[in-house]
Every structure is written in structure tokens, then in C-alpha cells.
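The structure appears below as C-alpha cells.
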Amino acid sequence: MLDIRSQFGLRVRELRARSGMSQEMLALRSELDRTYISGVERGERNVSLVNIERIAAALNVSIEYMFSNERFSTNPAYLQKDFSVPFSERFVYHLDQEKKVLSFQVTGLLSKENVEYMASTLLGICSAYGKEELEILVDHREMKTADGEPAVYSPDVAEQAVIFQQGLMTYSKRVVVLCNSAFMVQQLNHVTSESGIRSIHLFGQDQEMVSRAYELLEINGNELIKAAKS
């Protein structure tokens with residue numbers, strides 16, 4: 001059985017890996033030395049509360065989440081194989097003109113360039129509408145790596161997402177996002193706090209999650225985003 005230091009080190013490693021960060025990047029973001037991060041991940045460090053807080057902040061999660069039961073593999077995300085399918089085949093959107101709901105869905109991972117393309121496309125649609133006329137429904141349930149496991153935004157994608165969301169703020173009354181994990185909920189809470197957009201992030205049993213999204217947006221269904229078939 002792993003001791004507490006090894007358990008925490010494994011946790012740091014898996015969250016770092018699923019967000020596409022190297023040890024160097026995590027060290028930079030947490031203002032800690034890379035050799036220190038390496039020692040933490042190997043279970044060789046008695047990590048202080050201050051440094052736990054720094055690492056959690058660098059991963060865009062709460063300290064509480066660092067000790068949650070949601071676990072992932074330590075396989076790194078954002079590898080070349082994660083982008084083998086063109087983004088044009090992994091990004092779809094739909095505009096319900098009657099209900100004024102713009103929905104979009106991403107399968108697989110996003111690069112910074114993908115977010116820029118998505119923003120240009122969707123903000124072009126939004127520009128035909130006035131202030132806070134649209135509701136936005138986002139489906140990130142299938143944001144997974146080639147190994148089929150959930151992943152969250154990489155740091156550069158998160159930064160670009162903040163810019164995208166700031167553009168959406170003019171047009172959207174409300175944004176609801178279906179997430180692939182509690183990890184993503186944590187991260188998007190941070191991203192939206194940076195952008196200032198009003199956004200609700202859902203994760204849970206699929207049918208309940210989708211039903212809750214419909215309820216929040218006051219719609220009975222959506223042409224693009226539906227609950228998975230059981």
C-alpha cells in the first residue's frame with residue numbers, strides 16, 4: 001500500500017499529465033523548483049500546506065479536489081496522436097434560431113489554434129445578435145485523449161478560452177457546459193472566474209446532467225446535444 005507521500009505524488013502526476021503539463025511547466029506555474037516537483041511525484045517529499053496550495057492553484061483546482069476520489073491514468077495528454085483527426089471533424093455546432101440557443105460540441109482535445117478557429121466561427125454567428133440575446137450550450141463530455149480518458153484544457157488552451165469567453169460575454173445571457181469530469185468543472189470554474197462570463201459547469205450521471213442543462217436554459221431539448229443512449 002502506498003504511503004501518503006506516494007499517494008499525493010501520484011495524484012499530482014496524474015492531474016499534471018491529464019492537463020498536458022510537463023514537470024517544468026508545473027514548477028513554473030507553482031513557483032517551485034522542477035527537482036522539487038519531481039521529488040513530490042516520486043513520493044520523496046513531505047509537502048507543506050503552502051506548497052500543496054501552490055500546486056493546486058497551478059493545476060486550477062481546489063485543495064479539497066486534490067484529495068478527491070476521482071482518479072485518472074498518468075498517461076500524458078496532448079500528444080501528437082490526440083490530434084490525428086482534423087478539428088473540422090471534431091467540432092460541430094447548431095443554432096436554434098427560434099429559441100436563440102447556440103450549441104457546440106467538441107470531441108477530442110483542443111489546441112490553441114483550434115480555440116481561435118472555434119471563436120472566429122462562433123463569434124461570427126453571434127454577431128448577428130444583440131446584447132445578451134443568446135444562450136450557449138457547450139458539450140465537453142467527449143473531450144478525451146486517444147486512450148479514451150478525460151483530459152482538461154492545457155494551460156495555453158485555457159488562456160485562449162478566457163479570451164474566447166470574453167468575446168461571448170457581449171452576446172450570451174448564460175452559458176451551460178457539460179463536463180467530462182469533476183476535474184474539468186474545477187478548471188472551468190477557474191477559467192470563467194478569469195473571463196468574467198456567467199457560466200454553469202455540470203458533471204454527473206449523463207441523463208441527469210443533460211436534463212439539468214435543458215432546465216437551466218428553459219428548453220425541452222436540443223438538436224445537437226442529447227443524453228447518451230443507455
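- Using a distance-only test at 3.5 Å, with no hydrogens or angles considered, no donor-acceptor pair links the side chain of Glu89 to the main chain of Pro86.
- In this structure, the side chains of Glu135 and Glu218 stay at 4.5 Å or more apart for every pair of heavy atoms.
- Taking each heavy atom of Val115 and Phe164 in turn, the nearest pair found is CG1-CB, 4.3 Å.
- Thr145 and Arg18 share a side-chain donor-acceptor pair at under 3.5 Å.
- The same ILVMFWY cluster, assembled from side-chain heavy atoms under 4.5 Å apart, contains both Val61 and Met21.
- The shortest distance between side-chain heavy atoms of Ser195 and Gln166 falls below 4.5 Å.
- Using modelled atom types, one finds a donor on one side chain and an acceptor on the other under 3.5 Å when comparing Ser68 with Arg11.
- Looking only at side-chain heavy atoms (C-beta outward), Asn60 and Arg29 come within less than 4.5 Å of each other.
- Below 30°, between 30° and 60°, or above 60°: for Tyr117 and Phe87 the angle between ring planes is above 60°, a perpendicular geometry.
- By the criterion of side-chain heavy atoms lying less than 4.5 angstrom apart, applied directly or through intervening Ile, Leu, Val, Met, Phe, Trp or Tyr residues, Leu178 is not grouped with Ile136; the two fall into different hydrophobic clusters.
- Residue Tyr93 qualifies as open at atom OH: its count of foreign heavy atoms under 6.0 Å is 12 or below.
- In Asn220, the CG atom is not crowded: 12 or fewer heavy atoms of neighbouring residues, nucleotides or ligands sit closer than 6.0 Å.
- Residues Ile125 and Phe104 fail the side-chain proximity criterion, which asks for heavy atoms closer than 4.5 Å.
- With a 4.5 Å cut-off on side-chain heavy atoms, Glu41 and Leu10 do not count as touching.
- Counted within 6.0 Å of CD on Gln205, heavy atoms from surrounding residues, nucleotides or ligands total more than 12; the atom is thus considered enclosed.
- Across every non-hydrogen atom of Cys126 and Leu102, the tightest pair is SG-CD2, 3.8 Å.
- Here the closest non-hydrogen pair linking Tyr78 and Val152 is OH-O, 2.8 Å.
- Using a distance-only test at 3.5 Å, with no hydrogens or angles considered, no donor-acceptor pair links the side chain of Asn180 to the main chain of Glu142.
- Within the 4.5 Å cutoff, no side-chain heavy atoms of Ser30 are placed close to those of Tyr36.
- Surrounding NZ of Lys112 are at most 12 heavy atoms belonging to other residues, nucleotides or ligands under 6.0 Å away.
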From CA spacing to verdict: side-chain contact (heavy atoms from CB on, under 4.5 Å), Arg141, Val210: CA-CA 11 Å; Arg141 290 173 294 172; Val210 174; 3.6 Å; yes

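- The heavy-atom pair separating Asp206 from Ala228 by the smallest distance is OD2-N, 2.6 Å.
- Residues His140 and Met184 approach most closely at CB-SD, 3.5 Å, considering heavy atoms.
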Apply side-chain contact (heavy atoms from CB on, under 4.5 Å) to the pair Asp147 and Ser73, showing each step before the final yes or no. CA-CA 10 Å; Asp147 61 11; Ser73 78; 4.0 Å; yes

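- Note: the hydrophobic cluster containing Leu95 also contains Val177 (ILVMFWY, side chain heavy atoms under 4.5 Å, direct or indirect links).
- Judged by distance alone, the side chains of Asn189 and His201 do bring a donor and an acceptor atom under 3.5 Å apart.
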Tyr171 vs Lys100, test: side-chain contact (heavy atoms from CB on, under 4.5 Å). Steps then yes/no. CA-CA 11 Å; Tyr171 308 102; Lys100 295 185 178 179; over 6 Å; no

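- Residues His190 and Tyr153 are not in side-chain contact: their nearest non-hydrogen atoms beyond the backbone lie 4.5 Å or more apart.
- Gln207 and Ala227 get closest at one heavy-atom pair: OE1-CB, 3.5 Å.
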Pair Leu110-Gln160, side-chain contact (heavy atoms from CB on, under 4.5 Å): steps then yes or no: CA-CA 10 Å; Leu110 289 163; Gln160 197 64 38; over 6 Å; no

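- Each of Met209 and Phe183 belongs to its own hydrophobic cluster when Ile, Leu, Val, Met, Phe, Trp and Tyr are linked at side-chain heavy-atom distances under 4.5 angstrom.
- No single ILVMFWY cluster, assembled from side-chain heavy atoms under 4.5 Å apart, contains both Leu202 and Met143.
- Two residues are said to be in side-chain contact when any heavy atoms from C-beta on lie closer than 4.5 Å; Ser111 and Phe83 meet this criterion.
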